[in-house]
Colleague: 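Have a look at the structure that comes next, please.
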Amino acid sequence: MTLPSNLINFILDDSDSDDELELTISTIGELLNKKRKISLHRGSVFGRTFIRRNRVHGHHKLFHDYFGEDPVYSSTLFRRRFRMNRSLFLRIQSAIEAHDPYFVQKRDAAGYLGLSSLQKITAALRMLAYGVTSDYVDEYVRIGESTATESLKKFVKAIVSIFSEKYMRSLNKNDIDRLLKENESRGFPGMLGSIDCMHWKWKNCPVAWKGMYVGHVREPTIILEAIASHDLWIWHAFFGLPGSHNDINVLDRSFVFSDLAEGRSPPANYSINGHRYSMGYYLADGIYPSWSTFVKTIPYPQSHKHRQFAATHESTRKDVERAFGVLQSRFAIVRGPARFWHRETLKDVMKACIILHNMIVEDERHVSNLDYNYDAFDDTPHISVSHDHTTKFLEFIQRHRRIRDRDIHSQLQQDLIEHIWNIHGSRM
């Protein structure tokens, strides 16, 4: 932006002193800088087509269709399109409005009402649920492409900030006791869940990084390591490593056993076939190492006992595969190729989808036995930073060795083979 010559001459002629001239020139410089900053945000530009979207009409239509006293669409259609019940959606909306003023409806400089939180959150959820581009929801929600993208980024950040402490927490004592009781009835006493990895294709991976992110799927991907239980709750999620890694490389870098190695994890006491154990385990496939915290299947079972164990193990280990399938079914954005450029945005999207997934699991869980109290979060142990003497290094090494103990792994597998044979062997 340049100033006309007649304006410059007027300023020079009208200035009485050098100080006033310097002040005038600095003021003009500030205005020019502000103009440049504003232009970066793609504001009103001469020649650009302005779309009168009638945002208030879009809000009223959305409210009448789904949130009014007598909505047009039923609760079943609401759950299908928003991936959750209306009550859960309203709870999330209220929390996000209180957390981030961006989602509070405001008036612009001309006094017109802007987009409501319903419109912004609906646009973000539709993009997560259907994996569509940001301008796909414009016709119905009446929201521009750039605003929809900004709403999605702020929405996932708010979800992670508000709900991660509760819905991405580690196992506490109540959780462990419940999982041990539940999995004992399934034939696997001591089991805490199933572990596996999932690849998310990164469409807009920078060219310079593709060699690092291309793995066995021949396309750039980012890996999610997760542990899930039978009810599809995802207890552990480690996301962000390049797709060139395998499951063992991811395991070496994840924090899945950090609490256990540092002595912060509650004990899991159980007995199988006359042997007592104090650490829970996870069902895993053959690529995982033979540690005491993993139980793997038998690759080529020969005897009836081994075949029965392998069949039971494989059917039970599908919990994490089912969790991945439901997560991708609910939020198609993690099933299709990721279109964002920045890894931090992808991490926020993945974490938000997992948190929303767990919130839906909790909301739709039908409790048939009062002993299974899934909402006991008050007993979560408080972890704070201590400046006293830390855990002795030798104790840490001993716990670390117990996690990787191959002898315990073999003994546990043999005990489970005998245990499952005693339960199902008579049916062969």
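Sequence positions, counted from 1, serve as the residue numbers for this chain. Both backbone and side-chain heavy atoms feed into the values below; hydrogens, waters and symmetry mates do not.
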Colleague: Which atom names give the shortest non-hydrogen contact between Leu192 and Ile176, and what distance separates them?
Modeller: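 Closest heavy-atom pair between Leu192 and Ile176: CD2-CG2, 4.2 Å.
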Colleague: Can you list the residues that meet the side chain to side chain donor-acceptor pair (under 3.5 Å) rule with His357, with sequence neighbours excluded?
Modeller: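 If we apply the side chain to side chain donor-acceptor pair (under 3.5 Å) test to His357, skipping adjacent residues, the hits are Arg330.
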Colleague: Using atom types as modelled, flag every donor-acceptor pair under 3.5 Å from a side chain in residues 57-66 to any protein atom, sequence neighbours excluded.
Modeller:
| residue | atom | partner | partner atom | Å |
| --- | --- | --- | --- | --- |
| His59 | ND1 | Ser116 | OG | 2.7 |
| Asp65 | OD2 | Tyr140 | OH | 2.6 |
| Tyr66 | OH | Arg81 | NH1 | 2.8 |

Colleague: Donor-acceptor pairs are to be reported for all side-chain atoms of residues 346-355 against protein atoms at under 3.5 Å, with residues two or more places apart or in another chain.
Modeller:
| residue | atom | partner | partner atom | Å |
| --- | --- | --- | --- | --- |
| Asp348 | OD2 | Lys157 | NZ | 3.1 |

Colleague: Is NZ or CZ of Arg126 both nearer than 6.0 Å to the six-membered ring centre of Phe82 and within 45° of the ring axis?
Modeller: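 Yes, Arg126 sits over the ring of Phe82.
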Colleague: Measure up the His313 and Phe309 rings against each other and bin them: parallel (under 30°), tilted (30 to 60°), perpendicular (over 60°).
Modeller: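 Plane angle between 30° and 60°, so tilted.
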Colleague: For Leu232 versus Asp319, what's the shortest heavy-atom pair and its separation?
Modeller: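 That closest heavy-atom pairing would be CD2-O, 3.9 Å.
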Colleague: Could you pull out the closest heavy-atom pair between Arg317 and Glu321, with the gap in Å?
Modeller: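 The answer is NH1-OE2, 4.0 Å.
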Colleague: Are a donor atom and an acceptor atom from the side chains of Thr133 and Asp135 found within less than 3.5 Å of each other?
Modeller: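 The criterion, which ignores hydrogens and geometry beyond distance, is satisfied for Asp135 and Thr133.
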Colleague: Parallel, tilted or perpendicular for Phe239 and Trp200, by the 30°/60° rule?
Modeller: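 Judged by the thresholds at 30° and 60°, the geometry between Phe239 and Trp200 is tilted.
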Colleague: Carefully, step by step, assess Arg343 and Tyr213 under the rule side-chain contact (heavy atoms from CB on, under 4.5 Å).
Modeller: CA-CA 12 Å; Arg343 287 177 294 183; Tyr213 281 84; 3.0 Å; yes
Colleague: Would Glu362 and Tyr167 count as having a side-chain donor-acceptor pair, cut-off 3.5 Å?
Modeller: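 Their side chains do contain a donor-acceptor pair, which is all the 3.5 Å distance test asks for.
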Colleague: Can Ile333 and Tyr130 be said to form a side-chain contact (heavy atoms from CB on, under 4.5 Å), step by step?
Modeller: CA-CA 6 Å; Ile333 192 172; Tyr130 293 99; over 6 Å; no
Colleague: Show the nearest heavy-atom pair for residues Asp138 and Ile143, with the distance to one decimal.
Modeller: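 Reported closest heavy-atom pair: OD1-O, 2.9 Å.
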Colleague: For Tyr282 and Phe188, I'd like to know if the aromatic rings sit close, meaning centre-to-centre distance below 6.0 Å.
Modeller: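 When the ring centroids of Tyr282 and Phe188 are compared, they turn out to be at least 6.0 Å apart.
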Colleague: Please give me the minimum heavy-atom distance between Ala124 and Ser151, naming the atom from each residue.
Modeller: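 Answer, listing the atom of Ala124 first, then Ser151: CB-O, 4.2 Å.
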Colleague: Below 4.0 angstrom, N of the basic side chain to O of the carboxylate: do Glu364 and Arg79 qualify?
Modeller: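 So Glu364 pairs with Arg79 through a salt bridge.
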Colleague: What class does the angle between the rings of Tyr288 and Phe294 fall in, given that below 30° is parallel, 30 to 60° is tilted and above 60° is perpendicular?
Modeller: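 If you compare the ring of Tyr288 with that of Phe294, the planes turn out tilted.
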Colleague: Go through the structure and list residues passing side-chain contact (heavy atoms from CB on, under 4.5 Å) with Ser290, not counting sequence neighbours.
Modeller: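 So Ser290 forms a side-chain contact (heavy atoms from CB on, under 4.5 Å) with Lys296, Arg406, His409.
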Colleague: Does some side-chain heavy atom of Phe331 sit less than 4.5 Å from a side-chain heavy atom of Leu356?
Modeller: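 Heavy-atom side-chain distance check passes, below 4.5 Å.
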Colleague: Between Arg91 and Asp363, does any NZ, NE, NH1 or NH2 come within less than 4.0 Å of an OD or OE carboxylate oxygen?
Modeller: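 Salt bridge absent between Asp363 and Arg91.
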Colleague: Please name all residues satisfying side chain to side chain donor-acceptor pair (under 3.5 Å) with Ser254, sequence neighbours left out, ordered by chain then number.
Modeller: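 Only Glu225 meet the side chain to side chain donor-acceptor pair (under 3.5 Å) criterion with Ser254.
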Colleague: Around atom OH of Tyr102, are there more than 12 heavy atoms from other residues, nucleotides or ligands closer than 6.0 Å?
Modeller: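 Yes - once you tally the heavy atoms of other residues, nucleotides and ligands closer than 6.0 Å, there are more than 12.
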Colleague: Met168 and Ala237: which non-hydrogen atoms are nearest, and at how many Å?
Modeller: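 Distance-wise, the nearest heavy atoms are CE-CB, 3.8 Å.
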Colleague: For Trp235, check side chain to side chain donor-acceptor pair (under 3.5 Å) against everything at least two apart and list the hits.
Modeller: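 For Trp235 the side chain to side chain donor-acceptor pair (under 3.5 Å) partners, ignoring immediate neighbours, are Ser229.
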Colleague: In terms of heavy-atom contacts, does CZ of Arg86 have more than 12 from other residues, nucleotides or ligands at under 6.0 Å?
Modeller: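 Yes, CZ of Arg86 has more than 12 neighbouring heavy atoms, counting only those of other groups under 6.0 Å.
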